Amino acid sequence: MEKNIVVVGSMNQDIIMKIARMPDLGESMMVDECILAAGGKGCNQAVQASKLGANVSMVGAVGKDAMGDFLLSEAEKYHVNISNVRKTNVATGMGDAHVLPDGSLFCTVVKGANFELKTEDVDQAEVLLRKANIVILQNEIPEEVDYYVIDKAREWGYKIIYNAAPAREMKRQYIAKCDIVVVNEVEAGFYCGITIDDVEKAKTEALKLCREMGNDWIFTLGAAGSVVTSGEKAIFIPSYKVKAVESLGAGDSYIGALSYALLSGMSLFEGCRFATSCSALTVMSYGAQPAMPTLEEVEEFRTYPSIRDS
Ligand code: RIB
């Protein structure tokens with residue numbers, strides 16, 4: 001099967017700061033080390049799918065600034081087609097991530113040029129989108145662009161993986177038109193209206209959304225693993241126990257890998273197991289895109305899982 005993937009989404013300059021603890025309110029805290037890397041949920045997902053071997057194109061927007069140039073050159077380095085990324089007069093979007101010693105993090109995102117993306121940019125990419133087998137969307141672009149891409153799916157003939165992140169109010173009838181919806185536990189709580197703090201609750205709530213919307217739902221649960229639901233079936237896929245240094249982009253790695261896996265003929269559940277391996281490797285080094293594995297690296301990891309302890 002052809003593996004043509006188009007990501008309509010964000011591109012951010014990530015600033016990753018390693019901190020020993022959360023600062024107190026009103027406190028200015030010194031940071032010993034800071035890493036600059038290419039990010040943005042959309043571009044991260046594109047890069048992961050491309051690193052695995054899919055044909056991936058990005059539809060997005062960056063500023064006419066050094067950060068935008070950097071993001072474009074990084075995406076090209078990973079063989080993502082950037083011919084439909086527009087340069088705007090608004091500065092490039094940014095991700096500001098603070099990473100704690102156990103690898104967990106909190107992140108704030110500057111919308112920047114990502115929110116200059118318009119439905120006209122989607123029309124400009126019609127040729128690419130008509131060739132796409134899968135289109136990936138997230139919430140770091142204007143909601144009308146998400147709705148437009150969802151509306152065009154049947155006419156232009158692609159499936160949609162919708163990463164409904166960061167959580168925001170979206171019309172349920174549009175979410176229901178997406179084939180697969182992926183959220184983390186915090187976002188799942190927002191869409192379910194209930195805190196998701198254990199696997200059984202995740203299964204129950206994901207199944208409710210599955211039945212309500214008639215599509216597949218995946219809840220990623222950080223270091224615990226993920227819950228994958230389809231029809232009346234809900235399974236829990238545990239994560240690998242690895243030495244995590246930083247989890248930025250782990251969910252994006254999962255989504256990019258899942259899109260590749262589905263186009264390689266894997267079932268949803270097999271694809272999610274494959275995606276779990278990819279995100280395990282992603283958390284083992286810094287930066288979202290630089291840390292994402294190639295197909296060879298994933299295959300080696302799955303064949304010789306002991307390397308996870310090295
Ligand atoms: O999912 C991780 C990404 O979220 C980061 O790369 C950051 O830019 C934000 O978009």
Side-chain angles (χ1 to χ4, degrees), residues 1-11 40-50 54-62 75 80-88 90 93 111 113-183 187 191 209-210 212-218 230 252 255-264 268 271:
M1 188 193 247
E2 280 188 300
K3 299 185 189 70
N4 294 328
I5 296 168
V6 176
V7 179
V8 182
S10 57
M11 301 179 79
K41 293 187 192 306
C43 199
N44 293 344
Q45 293 158 7
V47 164
Q48 178 61 90
S50 181
N55 303 318
V56 188
S57 299
M58 186 77 211
V59 178
V62 294
V80 174
N81 171 20
I82 51 159
S83 58
N84 282 81
V85 177
R86 186 164 55 85
K87 286 195 167 185
T88 75
V90 173
K111 293 177 173 178
N114 297 307
F115 274 69
E116 295 301 299
L117 198 65
K118 304 206 175 337
T119 56
E120 288 79 358
D121 295 304
V122 177
D123 287 331
Q124 285 288 324
E126 179 176 343
V127 174
L128 276 179
L129 285 159
R130 280 186 182 273
K131 283 193 208 143
N133 309 100
I134 289 179
V135 172
I136 308 178
L137 293 171
Q138 332 71 33
N139 285 347
E140 289 183 339
I141 55 172
E143 64 188 66
E144 62 270 20
V145 177
D146 278 338
Y147 292 149
Y148 192 68
V149 175
I150 293 168
D151 266 339
K152 288 285 182 190
R154 197 160 283 174
E155 183 188 341
W156 290 355
Y158 45 77
K159 288 197 180 307
I160 296 179
I161 299 182
Y162 175 40
N163 175 210
R168 71 176 171 199
E169 289 299 341
M170 292 290 284
K171 294 177 186 158
R172 304 284 262 206
Q173 72 266 31
Y174 279 90
I175 303 181
K177 287 188 203 171
C178 300
D179 298 273
I180 302 173
V181 186
V182 188
V183 287
E187 295 139 8
Y191 294 106
L209 290 167
C210 242
E212 177 195 330
M213 308 224 189
N215 50 10
D216 299 334
W217 280 76
I218 299 169
S230 185
D252 302 328
I255 291 163
L258 175 62
S259 62
Y260 167 85
L262 294 175
L263 295 180
S264 301
L268 177 69

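This structure is a prediction, so every number in the text was calculated from the model and none was measured. Counting begins at 1 with the first residue of the sequence.
One finds the CD1 atom of Ile180 at 5.0 Å from the CG atom of Leu262 (value rounded to the nearest 0.5 Å). In this structure, CD1 in Ile134 is found 5.5 Å from OG in Ser259, a value given to the nearest 0.5 Å. If you take CD1 on Ile255 and CD1 on Ile161, they are separated by 7.5 Å, rounding to the nearest 0.5 Å. With values rounded to the nearest 0.5 angstrom, Asp252 atom CG is found 8.0 Å from Ser10 atom OG. Here the CD1-CG distance, from Ile218 to Leu268, works out to 5.0 Å after rounding to the nearest 0.5 Å. Put simply, CG on Leu129 and CD on Gln124 are 11.5 Å apart, with the number rounded to the nearest 0.5 Å.
Here the closest non-hydrogen pair linking Asn133 and Glu2 is OD1-O, 3.1 Å. Taking each heavy atom of Leu128 and Val6 in turn, the nearest pair found is O-CG2, 3.9 Å. Cys178 and Ile150 make their closest contact through SG-CD1, 3.6 Å (heavy atoms, listed as atom of the first residue, atom of the second, distance). Annotation for Met11 and Ala75: closest pair CE-CB, 4.4 Å, computed over non-hydrogen atoms. For Ala153 against Ile160, the heavy-atom pair with the smallest separation is CB-CD1, 3.8 Å. Nearest heavy-atom pair, Ser57 versus Asn81, reported as atom, atom and distance to 0.1 Å: OG-ND2, 3.1 Å.
Listed by chain and residue number, Asn4 satisfy the side chain to side chain contact (heavy atoms under 4.5 Å, CB included) test with Asn55 (two or more places apart in sequence, or in another chain). Thr119 pairs by the side chain to side chain contact (heavy atoms under 4.5 Å, CB included) definition with Tyr148, not counting sequence neighbours. For Glu212, the side-chain hydrogen bond (donor to acceptor under 3.5 Å, both in side chains) criterion is met by Arg172, not counting sequence neighbours. Scanning for salt bridge (charged side-chain N to carboxylate O under 4.0 Å, His left out) contacts around Asp151 gives Lys177, with sequence neighbours left out. Not counting sequence neighbours, the partners of Thr88 by the side chain to side chain contact (heavy atoms under 4.5 Å, CB included) test are Ala61, Arg86, Val90, Ala113, Glu116. Evaluation of the side-chain hydrogen bond (donor to acceptor under 3.5 Å, both in side chains) rule for Asn163 yields Gln45 as partners, not counting sequence neighbours. Taking Tyr162 as the reference, Asn139 meet the side-chain hydrogen bond (donor to acceptor under 3.5 Å, both in side chains) condition, with sequence neighbours excluded. Judged as a salt bridge (charged side-chain N to carboxylate O under 4.0 Å, His left out), and not counting sequence neighbours, Glu120 has no contacts. With sequence neighbours excluded, the residues satisfying side-chain hydrogen bond (donor to acceptor under 3.5 Å, both in side chains) with Asp216 are Ser230. Residues meeting the salt bridge (charged side-chain N to carboxylate O under 4.0 Å, His left out) test with Lys171, sequence neighbours left out: none. By the side chain to side chain contact (heavy atoms under 4.5 Å, CB included) test, Lys111 pairs with Phe115, sequence neighbours left out.
The shortest distance between side-chain heavy atoms of Val181 and Leu209 does not fall below 4.5 Å. Using a 4.5 Å cut-off on side-chain heavy atoms (C-beta onward), Lys87 and Val62 make contact. Residues Val80 and Val47 have side chains in contact (heavy-atom distance under 4.5 Å, counting atoms from C-beta outward). With a 4.5 Å cut-off on side-chain heavy atoms, Pro142 and Leu117 count as touching.
Formation of a donor-acceptor pair under 3.5 Å by the Ser50 side chain with backbone atoms of Ala46 is not found in this model. With hydrogens and angles ignored, the 3.5 Å screen pairs no side-chain donor or acceptor of Asp121 with any backbone N or O of Val59.
The list of salt bridge (Lys or Arg N to Asp or Glu O under 4.0 Å) pairs with a residue in residues 127-142, not counting sequence neighbours, reads Glu126-Arg130, Arg130-Glu155.
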Intermediate values then yes/no, side-chain contact (heavy atoms from CB on, under 4.5 Å), Val7 and Gln138: CA-CA 9 Å; Val7 179; Gln138 332 71 33; 3.4 Å; yes
Chi angles and distances behind the side-chain contact (heavy atoms from CB on, under 4.5 Å) call for Arg168, Asp146: CA-CA 12 Å; Arg168 71 176 171 199; Asp146 278 338; 2.9 Å; yes
